[in-house]
Number of protein chains: 2
Amino acid sequence: MRKVRTFSSDIDLVKERRSHIVKTAVELIVKKGYNHTSTRELAAALGMSTGGLYHYIGSKDDILYLIINFTSDLTQSLLDNCTKCNNGSITQHFTECIRLYLTGVEQYRDLHNFINHVMLSLSVNDRRIVYENESRIVAYLEKVLTEGVKKGEFRAHDCKCLAHNVVAIANAWANRGWYLKRYYTIDSYIKEQTGALLTLLTGASDPVHVTAR
Amino acid sequence: MRKVRTFSSDIDLVKERRSHIVKTAVELIVKKGYNHTSTRELAAALGMSTGGLYHYIGSKDDILYLIINFTSDLTQSLLDNCTKCNNGSITQHFTECIRLYLTGVEQYRDLHNFINHVMLSLSVNDRRIVYENESRIVAYLEKVLTEGVKKGEFRAHDCKCLAHNVVAIANAWANRGWYLKRYYTIDSYIKEQTGALLTLLTGASDPVHVTAR
DNA sequence: AACGACAGAACGATCGCTCGGTAAAAATGC
DNA sequence: GCATTTTTACCGAGCGATCGTTCTGTCGTT
């Protein structure tokens, strides 16, 4: 957890301002790209001056770090929510995990696009944080799938690959939304993908529709 | 097809130099990001001066356009190759399309990462070119799948979604290669994904391994 | 009077890009 | 075929703009 410089000693104020900075920066950067978003513009969008902005951050790159850290928090709360709903069959649990994951992506679509965009601008350390976030999600899904196979509820040839595919499908909703939104809502997308996955996992002879929720 | 300014009238030389520029620029930008790659650096990497570089391009953004155009050519040749191998069963054709697509992604992984990275830096028009490339691939795959369903070879609930998933899986190989390369080679990845897709499509009760060439 | 949040002018660095110059090659004249 | 002019690929110093960042000053609160 790297330190980000601030000239304020009011912890709550720093947290509030930085939260505002993260939110506004993501919006701007997704719209105009990182390099075309100047600190002046960002400050203006925040209703501050550049000096005021630098009261709460140490450098422009710190903003990236703050955003990355914010996504780490989101990942953590996603995994927490997934754990919480583990009280029915594994099929139900898996279905709910996918629903939680994908609705989360939909809710923070800008953020996911942002991550993709700035990935190559990140320092090696910051990049690792992003990697670890995704890895944790894959690992969780893989665990659920493996458990399902062990209990005979699922049949799968490669749980790791399927877990990865869920992440790929989720990323696609963010990256390729311009295309998908012509044909699907997030709900119909979830329904379709869940159906396909469960067909594969349970070997139903006909594609089934599982009520996602 | 936008025009890119040049001060040379030697068409072949322009083509050669620009090809060199595209290749070198992708390498540099993937390594350092677009904004951190200056025209000076690029010129140095090309063994030229900035003045010499601007002999063949009109602006830095033109480089992006040239790269985007290069990927359009790649997409076209991919689709051509797919069409060429349509001489067996639809299953064989579909399998071969996936193999061609994914090996192409592997071959130009830098380029695919690049596209993802600069997407938000692109002008609206250039963005559309990228979108159309992906759309054409999805459309082709969807056509193959629909044909397979019509002929009774495949069973699928939503061909469009499955076609999109292939693209998502291919993009994932480029974007998430840092993770996948720990566990798969491109060949084993193709094998695994093809197997899963065909299991879903043909409804085999056990995951089958299709020899992907 | 002291402090902290913020403003905004100013600085140094770097950027994309231009432009006058050069040396070699091609075209031209005789 | 040689000399001269024109063209062309390329160089690199330099321009103007903009960037990230700093720093001094202001104003309201304590």
Side-chain angles (χ1 to χ4, degrees), chain A residues 2-22 24-26 28-29 31-67 117-118 120-123 126, chain B residues 2-22 24-26 28-29 31-67 117-118 120-123 126:
Chain A
R2 163 151 59 93
K3 277 264 182 258
V4 173
R5 187 204 66 186
T6 177
F7 290 114
S8 169
S9 50
D10 184 338
I11 306 177
D12 288 337
L13 184 62
V14 171
K15 190 175 276 183
E16 187 191 325
R17 290 281 182 277
R18 285 187 179 170
S19 159
H20 191 193
I21 290 171
V22 164
T24 311
V26 168
L28 273 181
I29 295 175
K31 212 180 294 171
K32 319 189 51 184
Y34 181 64
N35 46 326
H36 291 126
T37 304
S38 63
T39 52
R40 278 166 245 268
E41 272 180 296
L42 176 58
L46 286 163
M48 303 175 88
S49 63
T50 54
L53 174 59
Y54 275 86
H55 203 67
Y56 298 103
I57 61 169
S59 72
K60 192 187 178 188
D61 280 339
D62 279 344
I63 298 174
L64 293 188
Y65 179 73
L66 289 176
I67 298 174
H117 169 62
V118 296
L120 297 179
S121 308
L122 293 180
S123 68
D126 289 358
Chain B
R2 163 152 61 92
K3 278 264 184 257
V4 174
R5 188 204 66 185
T6 178
F7 290 114
S8 169
S9 51
D10 184 337
I11 307 176
D12 288 336
L13 183 63
V14 171
K15 190 175 278 182
E16 188 190 325
R17 289 281 182 279
R18 285 187 178 169
S19 159
H20 191 193
I21 290 171
V22 164
T24 310
V26 168
L28 273 181
I29 295 174
K31 212 178 296 171
K32 318 190 50 182
Y34 180 65
N35 45 326
H36 290 126
T37 304
S38 64
T39 52
R40 276 168 246 266
E41 272 180 296
L42 175 59
L46 286 164
M48 303 175 87
S49 64
T50 54
L53 173 60
Y54 275 86
H55 203 68
Y56 299 102
I57 62 168
S59 72
K60 192 186 177 188
D61 280 339
D62 279 344
I63 299 173
L64 293 187
Y65 178 73
L66 289 176
I67 298 175
H117 171 64
V118 297
L120 297 179
S121 308
L122 294 179
S123 67
D126 289 358

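Treat the numbers as computed from the prediction; the structure is a model and nothing was measured. Proteins come first, then strands; the chains are lettered A, B, ... in the order of their sequence lines, and each starts at number 1.
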### Summary
CG of A:Asp62 to OH of A:Tyr54, rounded to nearest 0.5 Å, is 9.0 Å

### Query
Reading nucleotides 12-17 of chain C from the 5' end, what letters show protein touch, with B for base, S for backbone sugar-phosphate only, - for no heavy atom under 4.0 Å?
---BBB

### Query
What distance separates B:Met48 CE from B:Thr39 OG1, expressed to the nearest 0.5 Å?
12.5 Å

### Message
Is A:Ser8 close enough to C:dG4 that one of its side-chain N or O atoms is under 4.0 Å from OP1 or OP2 there?
### Response
no

### Query
For B:Arg17 and D:dA9, is the shortest distance between a side-chain N/O and OP1 or OP2 below 4.0 Å?
no

### Message
Measure CG/A:Asp62 against C1'/D:dT22 and give the value in whole Å, please.
### Response
15 Å

### Query
Shortest non-hydrogen contact from B:Thr24 to B:Ala45?
CG2-CB, 3.7 Å

### Query
What pairs of residues pass the side chain to side chain donor-acceptor pair (under 3.5 Å) test when at least one of them lies in residues 5-18 of chain A, not counting sequence neighbours?
none

### Message
With a 4.0 Å cutoff (strictly under), does any side-chain N or O of A:Tyr56 reach OP1 or OP2 of C:dC6?
### Response
yes

### Task
Could you pull out the closest heavy-atom pair between B:Leu28 and B:Thr37, with the gap in Å?
O-OG1, 3.7 Å

### Query
Looking at A:His55, does any N or O in its side chain come under 4.0 Å of the phosphate oxygens OP1/OP2 on C:dC6?
no

### Query
Within less than 4.0 Å of OP1 or OP2 of C:dA7, is there a side-chain N or O belonging to A:Ser49?
yes

### Query
Taking atom CD1 of A:Ile57 and atom CG of A:Leu42, what is their separation to the nearest 0.5 Å?
7.0 Å

### Task
Can you tell me the distance, in whole Å, between the CG atom of B:Leu13 and the C1' atom of C:dA26?
15 Å

#### Entry: Rounded distance in Å - CG (A:Leu53) to C1' (C:dA9)
17 Å

### Task
Quick one: sort the B:His55 and B:Phe7 rings into parallel, tilted or perpendicular, breaks at 30° and 60°.
tilted

### Task
Quickly work out the A:Ile63 CD1 to D:dG20 P distance and round it to whole Å.
9 Å

### Query
For the side chain of B:Met48, counting heavy atoms from C-beta on, which of D:dT8, C:dC6, D:dC11 is nearest?
D:dC11

### Task
Report the distance from atom CG of B:Asp10 to atom P of D:dC10, rounded to the nearest whole Å.
10 Å

### Task
Calculate the interatomic distance between A:Ile29 atom CD1 and D:dC19 atom P; express it in whole Å.
14 Å

